[in-house]
Participant: 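Can you read through this structure? Questions will come right after.
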Amino acid sequence: VAPGGPVSGAPAATNGAAAPERRQLDNGLTTIVAAHRAADVVAVQLWFRVGAHHEAPEEAGLSHFVEHLFFKGTPQRGPGVIDRTISELGGEMNAATSQDYTYFHVVLPARHVEVALDLVADAARHAVFEADEVDRERLVVLEEIRRAHDHPASYLWRLLMRQHFADHPYARDVLGTPESIQTAPRERIVEYHRRHYVPNEAVLVVVGNVDPQRTLAHAARLVEDWRPRPRSAAGLPRAGELAAVRRIAETRPLQQTYLGVAWRAPVVPEPAVYAADVLATLLGRGRSSRLSQALKERLGLVSQVSASFYSQPGGGTLAVNARARVPREAEIEAALLAELAAVGAGAIEEAELARALTALEAGHAFGQETAEGVAYGYGLAETLWTLDFELGYLDRVRRVTADRVRDAARRYLAPDRFTAALLAPGSSGS
Amino acid sequence: VIPPAGGARTADAVTREVLGNGLTVVVRENPSAPVVAMTLMVRVGSCHETAATSGATALLGRVLIKGTRHRSALELARAAEDAGGSLDVTADQEYAEVRALGLARHWRALLGLLHEVGTAPTLDPEEVERERAVLIDQIRGLEDQPGQVASRLLARALFGDHPLALPTAGTPESVAALGRADLVRHLAAHATPERIVLAVSGDVPAPEVLAEAREAFGDLAPGAGEPALPPAPARPAVSRIAEARPTEQAHVVVGWLAPPVSHPDFGPLRVLDALLGGGMSSRLFNALREREGLAYAVGSYYPSRRAASRLVAQIGTAPANAPRAEQGILAEAERLREEPVPGEELDRAKAQLTGGFELDLRTNARQALYRGLFESLGVGHGFVSSYRGLVEAVTPADVQRAARRYLVDHAVAVVGPA
């Protein structure tokens, strides 16, 4: 049960596997079912359009708290019963919460698909949030918050996002704060759940060695009585352009320096998202990528560097993360900006472009190995964008040209408008 | 790598061949996705090092992929990425691997890369310098993570001056002193064909892969034999190590010495590990997280090892709760010694163990890793299938006997605020 990070910028598309069947039920629940025969298992995922950005200040961390409590019991199944049932069948479950979505995931032998659907449908409609369970789980979430603090790379990412999205709901920590978790009364959690976890804001995805029609019919029967309710959630604003360089820095007793730099980037369905994916790949995925070659191999400034692109509905992010032995952050930043400028100004060779496209294609192919990999791609796309975006992703990204990548570098990677976060060795403080 | 073991679901099309020089090749054909994973696994690791050469395997691995007689570091990286994948290295306690992942249609290119870095590396002095610095950084990065520090301390407490206590990445001091000559010596002494396994899984034609592997690796000259490790200690060297760090949580690990994968008690102890701390219905999870709310992450592990292993329970908790968490772990160990496990709970643990491994075995990367690893550990790649039977045969009496035999002398490491 881990908190979800930001959404992936390169979701798996699905050219190879059986075409998914998408249907919206009368209560508004979207269902996506697809056969996947690589193994005799099935993945059942329930996605909700609810995450940290839906939370009011006093509700900070409740999406994630609900994620922890979701499978804790229903009138029919007491505390621990759902976990035990899945274990007994040789299955596994997990869940994740992000700024924009929450999802619950079960994978188990395909012959038990109906059990998985029963459990998920029961929890979705009847989770009880029993008071003792809530209070015990509160302690667990508080430990999760402490734990996240002790991991420098994840803490740096949170610092970066807090500053990058200052004045935007995305600035909030998915885990909430110790105070918000400590003080949230049970009633507030129940009310939050009642308000947001409705079928018309949910997507049920089933992928595996199952008969799609029978599975769909069974799922539809199970959720027949799950009543829709219009959700009045504040709209998500689009994060404004950065006007200058924003910085945030903290020190603590560490042996390494951790740096993150972020820019605003496009959002699905803007056509530039494909070029942004290629740009991030060419900059910082793999040993031969430009940043790895320049900052690590040629200049020896960093011991690790990577680039990523996240297309969240409230604002896209192109980010670079690095770890270094000595606090030479100014030098590292200058070298980074020089490399980015070179992408915008110089030539991108065909071989380099082809290599980046191959990496994206391979990422997709590896996502197809498991039922949950395919289900994740469908669920994420339908929850945040559209299933069609996912299905057409690979074809569209293959059409990206070197010119488009260069345009994207010029347009998004401005040398004077970005956010920089630093976690450096020193005594604790900011 | 901690393979929970289990059984393959179907009879996979797997071919195994031992070449004339002793190198083992395992190829699994799997048409389900257009990808391939392969590993060149060598039975050498930190257990073959000394305090002075600690980190030699890790540094050697890094430098291997930084240039061959035919290609530069950048050319190697590009070749792997052109094949839709990557070339990576891992150095563990008892094995090291160079592995390649990519699109299946490029399997020849990927196999060629493994062959090239395995047999014709230049070990360029400049790359040795560069990777030495990067490895020292990586060690310092691990030191920034309290859970990693606790594991390192526990290995020392359990194994004392036995080489199994050495950290796989080495120490900043030992790595700083390693030179090219040390790497050349390490490679020549240990990377001999009878200690090498090539394992391949993916959408590839097995006969052609085998033919190519024979061609590529068949002429490696056999080595002079494998050094024996000193016998594993009978009890922990030290019962407690604590290190003060200004962290938010205290990281507590409790460990016991445990037998290797080939030992008759491996099955019972693997089931015991699942009961104690494997997943969301385990005893530690239920007692310390679900009932007491002491932790977010709590569990145990028992890695598959050739010479000797350890069973480790770990938890991260608020510093004030550290003593209670430690007592809680020891109380569950005591309960396993004192009371037979109820049949229903045992069945659940077995189902979770075998089911979890089957799920894990679905990707080609894991198939190549586990098949190579089990060959390397001496139990054969078919262990991925026979393991199910091993687990299912375990009785409550077996578990209790294993608990009484192994969960006796423990060591504790704690990292957190003083």
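Letters A, B, ... are given to chains in the order of the sequence lines, protein chains preceding strands, and every chain is numbered from 1.
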Participant: Between B/Leu87 and chain A, which part of the residue has a heavy atom less than 4.5 Å away: side chain, backbone, both or neither?
Facilitator: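 Contact with chain A: backbone only.
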Participant: Is A/Glu137 salt-bridged to B/Arg289, going by a charged N under 4.0 Å from an acidic O?
Facilitator: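 Judged by the 4.0 Å cut-off on N to carboxylate O distance, A/Glu137 and B/Arg289 do form a salt bridge.
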Participant: Counting heavy-atom pairs under 4.5 Å to chain A, which of B/Gly102, B/Ala80, B/Ala73 comes out on top?
Facilitator: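 Sorted descending by pairs with chain A, the first entry is B/Gly102.
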Participant: Select one option (side chain, backbone, both, neither) describing which atoms of B/Ala83 are under 4.5 Å from chain A's heavy atoms.
Facilitator: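 Backbone only.
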Participant: Counting heavy-atom pairs under 4.5 Å to chain A, which of B/Ser86, B/Gly279, B/Ala133 comes out on top?
Facilitator: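 Most heavy-atom pairs under 4.5 Å with chain A: B/Ala133.
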Participant: Is B/Asn30 in contact with chain A via its backbone, its side chain, both, or neither, using a 4.5 Å heavy-atom distance?
Facilitator: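 The answer is neither part of B/Asn30.
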Participant: Checking B/Leu294 against chain A: side chain, backbone, both or neither under 4.5 Å from a heavy atom?
Facilitator: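 It is the backbone, since no side chain atom gets that close.
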Participant: Tell me which of these, B/Ala295, B/Ala33, B/Pro34, B/Ser281, has more heavy-atom pairs under 4.5 Å with chain A than the rest.
Facilitator: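 When all of B/Ala295, B/Ala33, B/Pro34, B/Ser281 are compared, B/Ala295 has the most.
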Participant: Below 4.5 Å from any heavy atom of chain A, which atoms of B/Lys66 appear? Answer side chain, backbone, both or neither.
Facilitator: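 The side chain, not the backbone.
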Participant: Using a 3.5 Å distance criterion without hydrogens, assess whether the side chain of B/Arg130 forms a donor-acceptor pair with backbone atoms of A/Glu297.
Facilitator: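 Yes: the side chain of B/Arg130 pairs with the backbone of A/Glu297.
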Participant: Only pairs of heavy atoms separated by less than 4.5 Å count here; which of B/Arg245, B/Lys350, B/Gln145, B/Glu75 has the most with chain A?
Facilitator: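 Highest number of pairs under 4.5 Å: B/Gln145.
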Participant: What are the two closest heavy atoms between B/Gly141 and A/Gln256, and how far apart are they?
Facilitator: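 Of all heavy-atom pairs spanning B/Gly141 and A/Gln256, the closest is N-CG, 3.7 Å.
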Participant: Show your reasoning for whether side chain to side chain contact (heavy atoms under 4.5 Å, CB included) applies to A/Glu361 and B/Leu103.
Facilitator: CA-CA 9 Å; A/Glu361 182 194 347; B/Leu103 294 168; 4.1 Å; yes
Participant: State plainly whether the residues A/Lys72 and B/Glu290 are in salt-bridge range, i.e. N to O under 4.0 Å.
Facilitator: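 Salt bridge between A/Lys72 and B/Glu290, a charged N being under 4.0 Å from a carboxylate O: yes.
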Participant: In Å, rounded to the nearest 0.5 Å, how long is the span from CG of A/Leu139 to CD of B/Glu292?
Facilitator: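 Going from the CG atom of A/Leu139 to the CD atom of B/Glu292 covers 10.0 Å.
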Participant: Pair A/Arg298, B/Glu126 - check salt bridge (charged side-chain N to carboxylate O under 4.0 Å, His left out), show working.
Facilitator: CA-CA 12 Å; A/Arg298 269 206 312 281; B/Glu126 267 185 40; over 6 Å; no
Participant: So how far is it from A/Ile82 CD1 to B/Met280 CE, rounded to the nearest 0.5 Å?
Facilitator: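 With rounding to 0.5 Å, CD1 (A/Ile82) is 10.5 Å from CE (B/Met280).
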Participant: I need the B/Glu344 CD to A/Arg84 CZ distance, nearest 0.5 Å.
Facilitator: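 These two atoms lie 7.5 Å from each other.
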Participant: Taking all heavy atoms of B/Ser32 and all of A/Ala38, pick out the closest pair and write down the distance.
Facilitator: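 Heavy atoms of B/Ser32 and A/Ala38 come nearest at CB-CB, 3.4 Å.
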Participant: Using non-hydrogen atoms only, which part of A/Ala365 is less than 4.5 Å away from chain B: side chain, backbone, both, or neither?
Facilitator: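 For A/Ala365, heavy atoms of backbone and side chain both lie under 4.5 Å from chain B.
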Participant: Do B/Val134 and A/Gln304 come close enough that some side-chain heavy atom pair is under 4.5 Å?
Facilitator: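 A side-chain contact under 4.5 Å is absent here.
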Participant: Quick one, B/Thr363 and A/Thr370 - any side-chain contact, counting heavy atoms below 4.5 Å?
Facilitator: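 When only atoms from C-beta onward are counted, A/Thr370 and B/Thr363 do touch, with a gap below 4.5 Å.
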Participant: I'd like to check A/Val107 versus B/Leu359 (side-chain heavy atoms, cut-off strictly below 4.5 Å). Are they in contact?
Facilitator: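 Side-chain contact under 4.5 Å: yes.
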Participant: So which of B/Ala77, B/Ala318, B/Ala365, B/Pro146 has the largest heavy-atom pair count under 4.5 angstrom toward chain A?
Facilitator: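 Top option by heavy-atom pairs under 4.5 Å: B/Ala318.
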Participant: I'd like to know if B/Glu81 pairs up with A/Arg355 as an ion pair, taking the criterion as any Lys NZ or Arg NE/NH1/NH2 lying under 4.0 Å from an Asp or Glu carboxylate oxygen.
Facilitator: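 Here B/Glu81 does not pair with A/Arg355 in a salt bridge, since their nearest N and O are not under 4.0 Å apart.
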Participant: Can you tell whether the side chains of A/Glu372 and B/Arg362 come within less than 4.0 Å, N to carboxylate O?
Facilitator: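 Salt bridge flag = yes for B/Arg362 with A/Glu372.
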Participant: Do you know which of A/Asp83, A/Leu108, A/Leu254, A/Ile86 has the most heavy-atom pairs under 4.5 Å to chain B?
Facilitator: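 Going by pairs under 4.5 Å, I would pick A/Leu254.
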Participant: Going by an N to O cut-off under 4.0 Å, is there a salt bridge joining B/Arg78 and A/Glu349?
Facilitator: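 No, this pair does not count.
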Participant: Report the option among A/Pro109, A/Ser303, A/Gly80 that has the most heavy-atom pairs separated by less than 4.5 Å from atoms of chain B.
Facilitator: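 The answer is A/Ser303.
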Participant: For the atom pair CG (B/Asp144) and CG (A/Asp150), what is the distance rounded to the nearest 0.5 Å?
Facilitator: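 With rounding to 0.5 Å, CG (B/Asp144) is 11.0 Å from CG (A/Asp150).
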Participant: Would you give the length of the straight line joining atom CG of A/Leu142 to atom CD of B/Gln249, rounded to the nearest 0.5 angstrom?
Facilitator: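 Here the rounded value is 10.5 Å.
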Participant: Of all heavy-atom pairs between B/Gly316 and A/Glu143, which one has the smallest distance, and what is that distance?
Facilitator: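 Residues B/Gly316 and A/Glu143, closest heavy atoms: O-OE1, 3.9 Å.
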Participant: Given a strict heavy-atom distance threshold of 4.5 Å, which part of B/Val36 is in contact with chain A: side chain, backbone, both, or neither?
Facilitator: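 The answer is the backbone of B/Val36.
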Participant: Could you list which of residues 286-295 of chain A have a heavy atom closer than 4.5 Å to any heavy atom of chain B, in residue-number order?
Facilitator: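 Expected list: A/Gly286, A/Arg287, A/Ser288, A/Ser289, A/Gln293.
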Participant: Other residues, nucleotides and ligands only: do more than 12 of their heavy atoms fall within 6.0 Å of CZ on A/Arg147?
Facilitator: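 Count not over threshold, so no.
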Participant: What distance separates A/Glu144 CD from B/Tyr296 OH, expressed to the nearest 0.5 Å?
Facilitator: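 Result: 4.0 Å between the selected atoms.
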Participant: Please classify the contact between B/Ala351 and chain A as side chain, backbone, both or neither, with a heavy-atom cut-off of under 4.5 Å.
Facilitator: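 Looking at B/Ala351, backbone and side chain both touch chain A.
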Participant: Examine the side chains of A/Glu369 and B/Asn364 and answer whether a donor and an acceptor come within less than 3.5 Å of each other.
Facilitator: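 Note: A/Glu369 and B/Asn364 side chains meet the donor-acceptor criterion.
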Participant: For B/Asp82, which atoms come within 4.5 Å of any heavy atom of chain A: side chain, backbone, both, or neither?
Facilitator: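 For B/Asp82, backbone and side chain are both near chain A.
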